[in-house]
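The structure follows.
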Amino acid sequence: MTDVVDSDELLRRIQRARACALEEQRAWRTRGEDLRPTDPDAAREAGIRTLAFEAVVSVLDEILTPGKRAGA
């Protein structure tokens with residue numbers, strides 16, 4: 001069965017996804033900074049994950065506010 005989602009619900013879901021991705025980005029950035037002195041390989045992995053979540057946030061920003069990042 002297919003659920004029908006109205007535009008307001010879709011917008012709320014995208015906003016929640018963006019908030020979650022932003023939190024993950026922050027968490028991985030912090031983890032990478034904490035690991036850098038003791039475990040460079042894990043810090044590098046955390047950096048990669050940070051970049052991945054940064055990309056997700058960028059895409060969701062463009063969906064929510066088209067053109068917002070055009071000047072960035």
Side-chain angles (χ1 to χ4, degrees):
M1 184 173 155
T2 304
D3 290 332
V4 176
V5 178
D6 68 14
S7 61
D8 289 336
E9 177 61 18
L10 182 58
L11 179 62
R12 282 191 293 276
R13 290 179 186 191
I14 294 170
Q15 289 169 333
R16 280 194 309 266
R18 184 193 177 279
C20 180
L22 193 56
E23 184 59 35
E24 286 293 323
Q25 178 187 352
R26 290 178 185 145
W28 281 107
R29 179 175 289 127
T30 299
R31 184 173 180 179
E33 290 168 359
D34 291 346
L35 289 169
R36 192 170 294 125
T38 58
D39 192 345
D41 289 336
R44 198 167 17 262
E45 174 69 22
I48 292 167
R49 291 175 187 262
T50 300
L51 290 174
F53 280 105
E54 184 178 306
V56 171
V57 170
S58 293
V59 169
L60 294 175
D61 278 347
E62 184 62 27
I63 292 169
L64 293 168
T65 314
K68 177 181 177 182
R69 291 183 169 245

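Owing to the predicted nature of the structure, the values given are computational and were not obtained by experimental measurement.
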Worksheet item: Apart from Ile48 itself, what residues make up its hydrophobic cluster, given side-chain heavy atom links below 4.5 Å?
Response: none
Worksheet entry | side chain to side chain contact (heavy atoms under 4.5 Å, CB included) partners of Leu64, counting only residues at least two apart | Leu11, Ile14, Gln15, Arg18
Item to complete: Could you list all the side chain to side chain donor-acceptor pair (under 3.5 Å) pairs where at least one residue sits in residues 41-53, not counting sequence neighbours?
Response: Asp41-Arg44, Glu45-Arg49
Worksheet entry | Set of residues satisfying side chain to side chain donor-acceptor pair (under 3.5 Å) with respect to Arg13, sequence neighbours excluded | Glu9
Item to complete: Would you indicate whether the side-chain heavy atoms of Arg16 and Cys20 approach each other to under 4.5 Å?
Response: no
Discussion item. Taking side-chain contact (heavy atoms from CB on, under 4.5 Å) as the criterion, tell me which of Leu60, Val59, Asp61 meets it with Val57.
Written reply: Asp61
Pairs under 3.5 angstrom only: tabulate donor-acceptor contacts from the side chains of residues 25-37 to other protein residues two or more places apart or in another chain.
unit_1, atom_1, unit_2, atom_2, d
Trp28, NE1, Glu24, OE1, 3.4
Thr30, OG1, Arg26, O, 3.0

Worksheet entry | Cluster link Leu10 to Ile63, ILVMFWY, side chain under 4.5 Å | yes
